[in-house]
Amino acid sequence: MAVEIHAQAFDPWQAMQHYQQQHITPGKHGACASFIGSMRDFNEGDDVKTLSLEHYPGMTEKYLEKICDEARSRWDIMDCLIIHRVGEMHPNDPIVLTAVWSAHRGAAFDACRYLMEELKSRAPFWKKETLKQGERWVDHNTQE
Amino acid sequence: MAVEIHAQAFDPWQAMQHYQQQHITPGKHGACASFIGSMRDFNEGDDVKTLSLEHYPGMTEKYLEKICDEARSRWDIMDCLIIHRVGEMHPNDPIVLTAVWSAHRGAAFDACRYLMEELKSRAPFWKKETLKQGERWVDHNTQE
Amino acid sequence: MTITVKFFASLRERVGKAEARLTPASGMSLQEIWQQTTPVAMPDNTLCAVNMEYVDHNHIARDGDEVAFFPPVTGG
Amino acid sequence: MTITVKFFASLRERVGKAEARLTPASGMSLQEIWQQTTPVAMPDNTLCAVNMEYVDHNHIARDGDEVAFFPPVTGG
């Protein structure tokens, strides 16, 4: 299980591949479900130029670990990985990766989605968008 | 939308990354949900040495495309990719990849899972396992 | 008329052939086609396709059709 | 006793500081801590944490606690 906060751009596919090679026993898992959230260049009808992501160092990691632990206690999964960007990013940059490995697919799908939903509702991150007209804090998350 | 049958080992992470670079307009998608099914070295309590996957050329592709079309008509998604291995494979080899890109995460999660469930119930593929004791056809799919 | 018949996976092994060709005088149900092609009994869970679309065992095949018989699918 | 107070994101900008330190004589509710720290009214949707665990506004902070105020989270 790993939780990582990255201040620089990351490659979610490479991160998953590396994590699997290093942490998942070959031949034991049958399923890996993952989700990658990326920065869109539009939100609420406006063009977005850059996105700045703030977090609460310490509490953010603590909640991401808590969410992973909850997923592991609710489903029969082997391992999970969460990576989240912070700092300034640009359209198309990956923001978040959640990945879950398990023997069977149902648990991987359920747990992966759980990680994302809980992350979005409980992990202390805040987005500020830069539009043509200036900056604005995102005050609520987009629809699921 | 793409459906690919591979007779050789494939790298699902690289495939997703390449597909996204080539087919998904940068900055428009906020979500990519994916599932990778891999070969386990055990099934029904037995050690499995190799797995041979047969398909029905023509019908398999037709049904995978049908399933993608159904997903696109049921959810607001931008694109999807299905890759499935055939031929002889070894433990830990990726067997299947389903990936869905969309603006919002709910559609990506739902459609990705739909692709996998429909693929498993309708796409003409058949698995034969080689055990220590000999070969056997897999006669039903594992639990979800 | 000509009908092509294909068998896949465990059914191919059980029937002992991958493909057969029938030239019946008129349309035949898939049940009849199976019986004309092999002395082996059709397993209950056999799936059928005509021209790469799932159909049931009573479907009538026509000239030029490709008929396929196979066991429950196990991909993914 | 000493209580550290942190503000994040739009609340940090609104309050005009990232951190404050209080030395009250005894435990204080988070409501009182906010009022002691800034003249700005606490927005209704403000979230509170003590020692990096979510708590409600009536929670009493103790010596050494780290109290944090922030707006609804928008990660992912």
Side-chain angles (χ1 to χ4, degrees), chain A residues 11-21 24-43 47-49 51 76 78 90-110 112-117 119-120 141-144, chain B residues 11-21 24-43 47-49 51 76 78 90-110 112-117 119-120 141-144:
Chain A
D11 178 332
W13 300 283
Q14 200 177 67
M16 268 190 273
Q17 182 175 32
H18 283 181
Y19 191 81
Q20 180 169 315
Q21 281 167 356
I24 312 295
T25 312
K28 300 307 172 199
H29 79 289
C32 174
S34 71
F35 179 84
I36 299 165
S38 300
M39 185 189 158
R40 288 178 292 133
D41 60 12
F42 62 97
N43 191 27
D47 289 346
V48 183
K49 301 198 174 312
L51 182 68
D76 184 16
M78 297 167 63
H90 298 90
N92 215 44
D93 280 0
I95 299 173
V96 62
L97 165 70
T98 60
V100 175
W101 287 264
S102 63
H104 299 292
R105 68 191 184 284
F109 275 123
D110 285 341
C112 183
R113 192 164 190 163
Y114 178 85
L115 294 182
M116 268 309 298
E117 296 308 319
L119 182 157
K120 286 189 91 88
N141 259 322
T142 52
Q143 65 179 92
E144 188 187 333
Chain B
D11 178 331
W13 300 285
Q14 200 178 65
M16 267 190 274
Q17 184 174 31
H18 283 181
Y19 191 82
Q20 180 170 315
Q21 282 167 355
I24 313 296
T25 312
K28 299 308 172 196
H29 78 289
C32 173
S34 72
F35 179 85
I36 298 165
S38 300
M39 185 187 157
R40 289 177 294 134
D41 59 12
F42 63 95
N43 192 27
D47 289 347
V48 183
K49 300 197 175 313
L51 183 68
D76 185 15
M78 297 166 64
H90 298 91
N92 215 44
D93 280 0
I95 299 173
V96 60
L97 165 71
T98 59
V100 175
W101 288 264
S102 62
H104 299 293
R105 69 191 183 284
F109 275 123
D110 286 340
C112 183
R113 192 164 190 162
Y114 178 84
L115 293 182
M116 267 310 297
E117 297 308 320
L119 181 157
K120 286 188 92 87
N141 259 321
T142 52
Q143 65 178 95
E144 188 188 333

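Naming convention: chains lettered A, B, ... in sequence-line order (proteins, then strands); numbering from 1 in each chain.
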Task: Part of B:D47 within contact of chain A (heavy atom distance under 4.5 Å) - done: neither
TODO: Kindly compute the distance separating OG (B:S34) from CH2 (A:W13), expressed to the nearest 0.5 Å.
DONE: 9.5 Å
Task: Residues of residues 92-103 of chain B near chain A, each having a heavy atom less than 4.5 Å away - done: B:N92, B:A103
Open item on the list: Looking at chain B, which one of A:P26, A:P91, A:P12 has the largest number of heavy-atom pairs inside 4.5 Å, strictly under?
Closed with: A:P26
- [ ] Please examine the side chains of B:Q14 and A:Q17, heavy atoms only from C-beta on, and report whether any two atoms are closer than 4.5 Å.
- [x] no
Open item on the list: Within the structure provided, determine whether A:C112 and B:F109 are in side-chain contact (heavy-atom separation under 4.5 Å).
Closed with: yes
TODO: Please say whether more than 12 non-hydrogen atoms of neighbouring residues, nucleotides or ligands are located less than 6.0 Å from CG in A:D11.
DONE: yes
TODO: Tell me, out of B:M39, B:H29, B:M16, who's got the most heavy-atom pairs with chain A below 4.5 Å.
DONE: B:H29
TODO: Check the pair A:K120 / B:R105 against side chain to side chain contact (heavy atoms under 4.5 Å, CB included), numbers first and verdict last.
DONE: CA-CA 11 Å; A:K120 286 189 91 88; B:R105 69 191 183 284; 3.1 Å; yes
Open item on the list: Could you report the tightest heavy-atom contact between B:F35 and A:G30, atom names first, then the distance?
Closed with: CZ-O, 4.4 Å
